[in-house]
Amino acid sequence: MTQRKTFQPGEIVTAGYKTGRYVGEIIDLKEPKAVVKVLAVMKHPTQGDLHNPKQLDVPLFHQRKALAEFEKALVPLSAINHYEGDIPEYKESLREALHTQEEELKHEGGRWAEASLIEIEKLKEEYFPAN
């Protein structure tokens with residue numbers, strides 16, 4: 001029998017939300033979920049249709065944005081893990097996560113990756129506007 005993970009409000013955790021992964025703080029427990037306040041981005045959400053991953057021929061190819069700094073998300077406890085270490089600064093973590101995804105897409109190639117890279121370019125302009 002596996003032991004169930006336990007969490008407390010105020011605890012710093014990693015949380016998977018849709019196709020992204022974040023460092024956040026548990027604000028409230030609403031079993032079987034927790035309200036998590038986003039502090040940093042570990043993995044930027046994947047572009048496209050959540051129900052048809054890596055498919056381009058779908059009714060709507062979605063642009064997927066990362067959750068904003070301090071945004072709260074209701075996350076299943078099964079998608080939450082304990083976090084140890086320093087909490088990265090939000091904007092820099094977002095930049096790194098987006099860059100990592102961009103590099104992975106460049107290596108993957110194909111029509112879906114090309115469409116995703118177009119969305120990534122738009123997101124970069126939105127996240128990091130030139131001053």
Side-chain angles (χ1 to χ4, degrees):
M1 186 167 129
T2 58
Q3 189 173 357
R4 215 170 125 223
K5 295 181 278 186
T6 58
F7 302 99
Q8 299 298 318
E11 187 172 351
I12 304 301
V13 296
T14 63
Y17 185 77
K18 298 192 177 177
T19 60
R21 188 137 199 92
Y22 304 89
V23 176
E25 177 185 354
I26 292 183
I27 300 300
D28 193 14
L29 291 169
K30 297 181 181 300
E31 301 233 10
K33 297 182 180 186
V35 177
V36 177
K37 178 173 72 173
V38 174
L39 302 174
V41 182
M42 296 177 68
K43 179 187 178 295
H44 193 277
T46 305
Q47 302 305 299
D49 187 332
L50 289 176
H51 304 291
N52 298 289
K54 298 191 177 186
Q55 299 293 314
L56 186 58
D57 299 321
V58 294
L60 180 59
F61 189 86
H62 295 272
Q63 180 188 73
R64 301 269 174 212
K65 295 179 183 177
L67 295 175
E69 185 175 25
F70 308 130
E71 185 171 351
K72 293 169 186 71
L74 190 58
V75 182
L77 291 174
S78 61
I80 297 174
N81 290 302
H82 299 281
Y83 180 78
E84 304 232 352
D86 295 331
I87 301 169
E89 189 270 326
Y90 178 84
K91 200 83 162 177
E92 190 54 37
S93 71
L94 175 61
R95 190 180 310 275
E96 285 183 30
L98 198 60
H99 177 74
T100 298
Q101 186 176 75
E102 185 177 30
E103 291 302 308
E104 289 170 358
L105 289 166
K106 287 177 181 176
H107 288 303
E108 181 160 333
R111 291 176 55 232
W112 170 80
E114 288 172 12
S116 294
L117 284 166
I118 290 168
E119 296 305 322
I120 296 289
E121 284 304 314
K122 293 176 189 173
L123 287 170
K124 285 194 318 195
E125 290 174 16
E126 185 176 333
Y127 291 156
F128 314 108
N131 294 335

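None of the values given here were measured: they were computed from a predicted structure.
In the hydrophobic cluster analysis, where Ile, Leu, Val, Met, Phe, Trp and Tyr join through side-chain heavy atoms closer than 4.5 angstrom, Leu117 is grouped together with Leu94. No path of Ile, Leu, Val, Met, Phe, Trp and Tyr side chains, each step under 4.5 Å between heavy atoms, connects Tyr17 with Tyr83, placing them in separate hydrophobic clusters. Two different hydrophobic clusters hold Val23 and Val35 under the rule that ILVMFWY side chains link at heavy-atom gaps under 4.5 Å. Using a 4.5 Å cut-off between side-chain heavy atoms of Ile, Leu, Val, Met, Phe, Trp and Tyr, with links allowed through other members, Leu29 and Leu39 fall into different hydrophobic clusters. Residues Leu77 and Val36 fall within the same hydrophobic cluster, defined by Ile, Leu, Val, Met, Phe, Trp and Tyr side chains chained together at heavy-atom separations under 4.5 Å.
Closest approach of Ile80 to Ala34, counting heavy atoms only: CD1-CB, 3.8 Å. Here the closest heavy-atom approach between residue Pro88 and residue Asp86 is recorded as CD-O, 3.4 Å. Closest of all the heavy-atom pairs between Tyr90 and Ala66 is OH-CB, 4.3 Å.
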Pairs under 3.5 angstrom only: tabulate donor-acceptor contacts from the side chains of residues 58-65 to other protein residues two or more places apart or in another chain.
from	atom 1	to	atom 2	distance (Å)
Gln63	NE2	Glu119	OE1	3.2
Arg64	NE	Gly48	O	3.1
Arg64	NH2	Gly48	O	3.4
Lys65	NZ	Glu126	OE1	3.4
Lys65	NZ	Glu126	OE2	2.8

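Residue pairs that meet the salt bridge (Lys or Arg N to Asp or Glu O under 4.0 Å) test with at least one member in residues 22-39, sequence neighbours left out, are Arg4-Glu31, Glu25-Lys37, Asp28-Lys30.
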TODO: Please lay out, stage by stage, how Leu98 and Val41 fare under the test side chain to side chain contact (heavy atoms under 4.5 Å, CB included).
DONE: CA-CA 9 Å; Leu98 198 60; Val41 182; over 6 Å; no

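A donor-acceptor pair under 3.5 Å is absent between the side-chain atoms of Glu11 and the main chain of His82, judged by distance alone.
Gln47 contributes atom CD, which lies 4.5 Å from atom CD1 of Ile120 (distance to the nearest 0.5 angstrom). Here the CZ-CD1 distance, from Phe7 to Ile12, works out to 12.5 Å after rounding to the nearest 0.5 Å. With rounding to the nearest 0.5 Å, the separation of CG in Leu74 from CD1 in Ile27 is 12.5 Å. Summarising the geometry, atom NZ belonging to Lys91 is positioned 6.0 Å from atom CZ belonging to Phe128; distances are rounded to the nearest 0.5 Å. The CD atom of Glu102 sits 10.5 Å away from the CG atom of Leu123 when rounded to the nearest 0.5 Å. Atom OH in Tyr22 sits 7.0 Å away from atom NE2 in His44 (nearest 0.5 Å).
Residue Ile118 is found outside any hydrophobic cluster, as its side-chain heavy atoms come under 4.5 Å of no other Ile, Leu, Val, Met, Phe, Trp or Tyr.
Salt-bridge annotation for Glu103 and Lys106: present, with a side-chain N of the basic residue lying under 4.0 Å from a carboxylate O of the acidic one.
Qualifying side chain to side chain donor-acceptor pair (under 3.5 Å) partners for Glu108, counting only residues two or more places apart in sequence or in other chains: Lys54. In this structure Lys43 satisfies the side chain to side chain donor-acceptor pair (under 3.5 Å) test together with Thr46, sequence neighbours excluded. Every residue meeting the side chain to side chain donor-acceptor pair (under 3.5 Å) condition with Arg111, not counting sequence neighbours, appears here in chain and number order: Asp57.
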